[in-house]
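Chain naming here is simple, since letters A, B, ... match the order of the sequence lines and numbering starts at 1 in each. This structure is a prediction, so every number in the text was calculated from the model and none was measured.
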Amino acid sequence: DAGVTQSPTHLIKTRGQHVTLRCSPISGHKSVSWYQQVLGQGPQFIFQYYEKEERGRGNFPDRFSARQFPNYSSELNVNALLLGDSALYLCASSLFGGGLRVGYEQYFGPGTRLTVT
Amino acid sequence: QKEVEQNSGPLSVPEGAIASLNCTYSDRGSQSFFWYRQYSGKSPELIMSIYSNGDKEDGRFTAQLNKASQYVSLLIRDSQPSDSATYLCAVINAGGTSYGKLTFGQGTILTVHP
């Protein structure tokens, strides 16, 4: 089975621009979460979507938005890019949303490396 | 106080030794606990999940959870150079707005030398 896929792999943008990152979850998984990881730190939670509804939002500005499509794939959008948005953006897939028991384990895709100049 | 704390290391162990990685968390409502391995330039890979107090073994890996002490650990037996990576501890408090949010520690760098 294919794992979580993300596109693009790498991206270079200029300050003020907009970016869209894409994610396809593991087949059968209904939940997608987005994380931002800067060098030397653990990933930081941005959003979780389950059954196409936003179920959780991290401490990120409104410039960050996301959505989940009927096929459970997802997009993360970032407007008005800042230099500080340069990071590895990770998508994680899980069977269900939440986190109580088996079936909620989150599996990460390869990530999108975003560089803002 | 950080929500999830790990010793950033680096932790250096000889090949064949036991590597012990530790993690503490501050939220007593945390219910689910995970260890991820991240090689340099790659994404995190789930290696263990644990939900109840006690030990859970999977091959060379053993996760230990003590909710009273708010402590979770990972033991790697017979360490191999291929185990050299950053190990990330993550927890979930599935209540309220936290839902399925994974909260990560900063990671411990493990180096296994031949």
Original post:
Do the side chains of B:I47 and B:F34 join up, straight or via other hydrophobic residues, at under 4.5 Å, putting them in one cluster?
Top reply: no
**OP:** Pick one of side chain, backbone, both or neither for B:E45, based on which atoms fall under 4.5 Å of a heavy atom in chain A.
**Re:** neither
Original post:
Does atom CG of A:L39 have more than 12 heavy-atom neighbours, drawn from other residues, nucleotides or ligands, at distances under 6.0 Å?
Top reply: no
Subject >> Proximal component of A:Y35, with respect to chain B [non-hydrogen, under 4.5 Å] >> reply: side chain
**OP:** Tabulate, in ascending numerical order, the residues of residues 15-26 of chain B having at least one heavy atom closer than 4.5 Å to a heavy atom of chain A, or enter 'none'.
**Re:** none
Original post:
How far apart are the C-alpha atoms of A:R57 and B:K101, what are their side-chain angles, what is the distance that settles it, and do they pass the side chain to side chain contact (heavy atoms under 4.5 Å, CB included) test?
Top reply: CA-CA 8 Å; A:R57 174 185 284 256; B:K101 167 189 172 183; over 6 Å; no
Original post:
Under 4.5 Å between side-chain heavy atoms, hopping through other hydrophobics if needed: is there a path connecting A:V4 to A:Y72?
Top reply: no
Original post:
Do B:F61 and B:L75 sit in the same hydrophobic cluster, where Ile, Leu, Val, Met, Phe, Trp and Tyr count as joined when their side-chain heavy atoms come under 4.5 Å apart?
Top reply: no
Original post:
Out of curiosity, A:Q6 CD to B:S43 OG, how far, rounded to the nearest 0.5 Å?
Top reply: 7.5 Å
Subject >> Heavy-atom neighbours of A:N71 CG exceed 12 at 6.0 Å >> reply: yes
Original post:
If Ile, Leu, Val, Met, Phe, Trp and Tyr residues are connected whenever their side-chain heavy atoms lie under 4.5 Å apart, and connections chain through other members, are B:L46 and B:I50 in the same group?
Top reply: no
**OP:** Compare every heavy atom of A:G42 with every heavy atom of B:L88, then report the nearest pair and how far apart it is.
**Re:** CD2-CA, 4.0 Å
Original post:
How about A:R15: does its CZ atom have over 12 heavy atoms from other parts shown lying under 6.0 Å from it?
Top reply: no
Original post:
Under a single-linkage rule joining Ile, Leu, Val, Met, Phe, Trp and Tyr whose side-chain heavy atoms are separated by less than 4.5 Å, which residues share a cluster with A:V38?
Top reply: none
Original post:
Just how far is it from atom NZ of B:K42 to atom CG of A:L88, taken to the nearest 0.5 Å?
Top reply: 11.0 Å
**OP:** Output the distance between atom CD (A:E105) and atom CG (B:L102), rounded to the nearest 0.5 Å.
**Re:** 10.5 Å
Original post:
Taking everything shown except A:I12 itself, do over 12 heavy atoms lie less than 6.0 Å from its CD1?
Top reply: no
**OP:** May I ask whether B:F104 and B:F33 are part of the same hydrophobic cluster, defined by side-chain heavy atoms of I, L, V, M, F, W, Y residues being less than 4.5 angstrom apart, directly or through others?
**Re:** no
**OP:** Please report the C-alpha distance between B:I92 and A:Q106 in whole Å, then the side-chain angles of each, then the deciding distance to 0.1 Å, and finally whether the side chain to side chain contact (heavy atoms under 4.5 Å, CB included) criterion is met.
**Re:** CA-CA 11 Å; B:I92 287 181; A:Q106 296 184 26; 4.1 Å; yes
Original post:
What about the rings of A:F108 and B:Y36, do their centers lie closer together than 6.0 Å?
Top reply: yes
Original post:
Based on non-hydrogen pairs under 4.5 Å, which of A:S33, A:G111, A:P110, A:P43 is most in contact with chain B?
Top reply: A:P43
Original post:
Which bit of A:Q44 comes within less than 4.5 Å of chain B, counting heavy atoms only: side chain, backbone, both or neither?
Top reply: neither
